[in-house]
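A quick write-up on the structure given underneath.
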Amino acid sequence: MLDSLLARIHQKHRTMTFPDGPPPELPERFMGRPVITATDCLSGCSRCVEICPTQAITQAAGLSLDIGACLFCGECARICPSRRIHFTKHYGMAVRKRDALLIGHAQKFQQAVALDQKMRRLFARSLKLRQVSAGGCSACEADTNVLGTVGWDLGRFGIQFVASPRHADGLLITGPVTKNMHVALMKTYEAVPEPKIVIAVGACAISGGPYRDHEEIHNGTCDLLPVDLLIPGCPPHPLTILDGLLRLIGRIETTLRLIPSDNLGSSAST
Ligand code: SF4
């Protein structure tokens, strides 16, 4: 007992103060929300479209990048001779609608807004989630698990993962929804009592990710279930997941924080 107390005194409080305090330091290689500049592409250039492994970039009606399909490999930014695409340090990428994940150079990024008042009354202080890995590779699952560690302490917001869908208020889904997991996912969804929410985490759960259009998957959850929150990434950083969850329950209502190393300045603020 004494040893435990001494260790606690020595180690001090380990849980981060986010969202009231600053976000944790992100690694140098962290790639956040991409932006597309207004400059023109070189005539006839479509290198970014060709190199993208998930067909996340289109040029038909101006350059557009679907961050719901993006793997954040950075190849498009590296190969673009006009430097039209670059990745910021913005970790806040969660949205409420699938369309909001399509990024062009002109539109404002629509970050996730909170649930309506009735749902917030139910879930803002206690949200129990059943996690379903619908064919995930364990990367999104691992970064979701991180939120349970002492550094992040997801439980301090009343958000917890539960074993039974009957004890849950919603599902947090990862993976592209393989054919093998389809029935299990739908049964789990049906077992959650109403009202319920659905959260899709990661490129696979949103669009199928690198497996998009493979015959053994369903291209994620968006065509199968009513998704309330989409958190892009491959996998999303725990901070991106936490930011999305807190926005959904109304714990974060302010505009996107700017991280000092961000090279966009205030023009990127939403
Ligand atoms: S960073 Fe995203 S959009 Fe760019 S090439 Fe990689 S997967 Fe495609």
Side-chain angles (χ1 to χ4, degrees), residues 26-42 44-95 97-112 135-140 142-143 174-177 200-214 217-222 230-241 243-244 256 259 261-264 268 270:
L26 293 164
E28 186 63 31
R29 67 175 187 276
F30 175 80
M31 294 170 64
R33 178 157 62 87
V35 292
I36 297 176
T37 65
T39 50
D40 291 329
C41 292
L42 290 185
C45 177
S46 58
R47 290 186 210 177
C48 59
V49 177
E50 287 153 18
I51 204 165
C52 179
T54 56
Q55 297 85 50
I57 303 176
T58 55
Q59 276 182 314
L63 197 60
S64 170
L65 195 161
D66 177 5
I67 59 170
C70 179
L71 306 184
F72 293 78
C73 67
E75 288 301 317
C76 52
R78 274 190 282 277
I79 207 167
C80 178
S82 310
R83 298 281 176 266
R84 287 205 67 191
I85 301 172
H86 64 272
F87 287 79
T88 70
K89 297 289 182 189
H90 285 299
Y91 55 82
M93 291 188 277
V95 299
K97 300 273 179 222
R98 179 70 180 88
D99 289 353
L101 292 173
L102 295 175
I103 291 189
H105 76 81
Q107 77 266 40
K108 195 174 170 186
F109 186 68
Q110 301 292 328
Q111 271 192 286
C137 69
S138 296
C140 292
D143 272 359
T174 52
V177 190
V201 172
C204 290
I206 294 171
S207 66
Y211 312 106
R212 185 147 70 164
D213 294 335
H214 191 282
I217 70 151
H218 284 277
N219 285 349
T221 54
C222 293
L230 304 98
I231 306 177
C234 185
H237 191 280
L239 186 56
T240 301
I241 303 173
D243 178 81
L256 187 64
I259 296 176
S261 54
D262 196 324
N263 57 4
L264 278 180
T270 56

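Counting starts at 1 for both ligands and their atoms, in listed order.
Of all protein heavy atoms, the one lying nearest to atom 1 (S) of ligand 1 is Gly74 N, 3.1 Å. Of the protein's heavy atoms, Cys73 SG, 2.2 Å lies nearest to atom 6 (Fe) of ligand 1. Given atom 2 (Fe) of ligand 1, the protein heavy atom at minimum distance is Cys70 SG, 2.3 Å. Nearest non-hydrogen protein atom to atom 4 (Fe) of ligand 1 is Cys76 SG, 2.2 Å.
Looking only at distances, a side-chain donor or acceptor of Arg78 sits under 3.5 Å from a matching main-chain atom of Cys73. With hydrogens and angles disregarded, no donor-acceptor distance shorter than 3.5 Å links the side chain of Lys97 to the backbone of Leu230. Within the 3.5 Å criterion, the main-chain N or O of Met93 finds no donor-acceptor partner in the side chain of Thr240.
Among the backbone and side-chain atoms of Cys52, none of the N, O or S atoms lies under 2.8 Å from atom 6 (Fe) of ligand 1.
For atom 7 (S) of ligand 1, the nearest non-hydrogen atom from the set Ile85, Leu71, Ile79, Ile57 comes from Leu71.
Under the 4.0 Å criterion applied to side-chain N and carboxylate O atoms, Glu50 and Arg47 are not assigned as salt-bridge partners.
In this structure, Phe72 places its CZ atom where more than 12 heavy-atom neighbours from other residues, nucleotides or ligands lie under 6.0 Å away.
Listed by number with element, the atoms of ligand 1 under 4.0 angstrom from any heavy atom of Phe87 are 1 (S).
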Report the C-alpha distance between Thr88 and Arg33 in whole Å, list the side-chain angles of each, state the deciding distance to 0.1 Å, and finish with yes or no for side-chain contact (heavy atoms from CB on, under 4.5 Å). CA-CA 6 Å; Thr88 70; Arg33 178 157 62 87; 4.1 Å; yes
